[in-house]
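In listed order, ligands and their atoms are each counted from 1.
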Amino acid sequence: MTGDGARGTPRPPWPAGAEAAQQPDWATHPAYEPSCAELASAPALVTPEELARLRRALAVVAGGGAVMLQLGDCAESFEETDADQVRAKTAVLHALADEVADGTGLPVLRVGRIGGQFAKPRTLPHEEVGGVLLPAFRGHLVNGESPTPEARAHDPRRMVRAYEASAGVLGALARERDQRTRRSTEFVDGPWASHDALVVDYEARLVRTEGGRRFLGSTHLPWLGDRTRAPDSAHVRLLASVVNPVALKLGPSITAAELGEVCAQLDPYGIPGRLTLIVRMGAERVPGLLPPLVAAVRDAGHRPVWLSDPMHGNTVREAGRKTRRLTDIVDEASRCKRVLEGAGEHPGGLHLEVAASDVTECLGGKVDGVDRLDERYTTLCDPRLNPDQAAELMRAWVRA
Ligand code: PEP
Ligand code: CO
């Protein structure tokens, strides 16, 4: 179903003419078509009933009756998907969410960057390691992180492994939700799954139809990153075609006109909670750039959840490491909250990269100097907050 038969010219799984940025280079790999076919016949990992519940909960957040925390690894690892590891990650999510619930007096919707967060967009397609030019690491769905040509080759069989790993994680999340859902069927607080719907080969083959409704079977809440959210792109068309709630990252280059176009494509009927808009501008830029975007979205009739991702716009290099300062992160999150409140909008919550263990990847709290970054710098991609740093951010954000 996926190719035209001639090796080397497979038909992409998206509408002719639509561009898909940031895609793996693997269409001529002998395992490409069998891997795609395996995904196409696999069961969906989420159900339409789950999506309906999450949409109801997001509508409550959009209306100001709850807040949302979306967090987890920058890049999930195939090696960290067993039940104990999932429990360790959701335990951090719940602890932070409980802190926000205490501070705000509102229920907190809990969403992980989990159960499929295996693909990364990259600014540069290559990196130099020890004088050798290698393809960049793009997440375990695409290649391996080891700095060798073999590990970095794009391998479509990884899509099948990603699906299998996700299936295990999503099963664990479903069992947790069942335990948490004692009374409320209206506001099921999670934990729900989300990931960057980056690799179109993977996502498009997990679209399913049930009862006449098309849904993306790979996750509850797919998001599009700042590099893949162009109006009319293959990514936007794919998410426009499914009933899952969808999220978009908004970086500093987006204009009100462009945001208006993409919102019109994804949310033509202005359904509360259909859209989650994740602001990641950089602490300095939020006050200047955000107000016209908020006005444009509201004037066009959308009722999104507004989240702040205070991390991706504040990445710096120190001592040869990518890092982020907690002070910048607190600043961006607080400014975003104040801009939204000033515009009469509900500050819907935070989107964060947080590790389940005491990593030393961001500066702040006990990580009190660049010389400490090497101690436990274990991320596969971007620097994550450790749980203590994240708790400090929660307290600051609640007060801001
Ligand atoms: C990310 O969330 O890890 C990411 C790459 O974000 P963005 O698309 O906002 O750069
Ligand atoms: Co990241």
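Between Thr228 and Pro121 the shortest side-chain heavy-atom distance does not fall below 4.5 Å. For the pair Phe118 and Arg161, the minimum side-chain heavy-atom distance is 4.5 Å or more.
A donor and an acceptor atom, one from each side chain of Arg214 and Ser241, are located under 3.5 Å apart.
Of the protein's non-hydrogen atoms, the one nearest atom 8 (O) of ligand 1 is Asp226 N, 3.0 Å. Nearest protein heavy-atom contact of atom 5 (C) of ligand 1 is Pro121 CG, 3.7 Å. At the shortest separation from atom 4 (C) of ligand 1 among protein heavy atoms lies His312 NE2, 3.4 Å.
The Co ion (ligand 2) has His312 among its coordinating residues (N/O/S atom, backbone or side chain, under 2.8 Å).
Between Arg227 and ligand 1, at least one N/O pair is under 3.5 Å apart. Taking any N or O of Arg113, backbone or side chain, at least one lies under 3.5 Å from an N or O belonging to ligand 1.
Shown here is Gln85, whose CD atom has more than 12 heavy atoms of other residues, nucleotides or ligands within 6.0 Å. When the shell of 6.0 Å around CG of Asp25 is examined, it contains 12 or fewer heavy atoms from other residues, nucleotides or ligands. Counting heavy-atom neighbours within 6.0 Å of Arg56 CZ, excluding the residue itself, gives a total above 12.
Just one residue in the list Arg55, Arg53, Glu50, His195 forms a side-chain hydrogen bond (donor to acceptor under 3.5 Å, both in side chains) with His220, and that residue is Glu50.
Its N, O or S atom nearest to the Co ion (ligand 2) is what matters here, and for Glu353 that atom is OE2. The atom of Asp382 nearest to the Co ion (ligand 2) is OD2, with the search restricted to N, O or S atoms.
Ligand 1 places these atoms under 4.0 Å from at least one heavy atom of Glu353: 1 (C), 2 (O), 3 (O). Listed by number with element, the atoms of ligand 1 under 4.0 Å from a non-hydrogen atom of Cys74 are 3 (O). Close approach of ligand 1 to Gly225 (heavy-atom distance below 4.0 Å) involves ligand atoms 8 (O).
Proximity annotation for atom 10 (O) of ligand 1: of Lys249, Gln70, Lys120, Arg280, Arg280 comes nearest, heavy atoms only.
Ile278 and Val294 fall into different hydrophobic clusters, where Ile, Leu, Val, Met, Phe, Trp and Tyr side chains are chained together by heavy-atom contacts under 4.5 Å.
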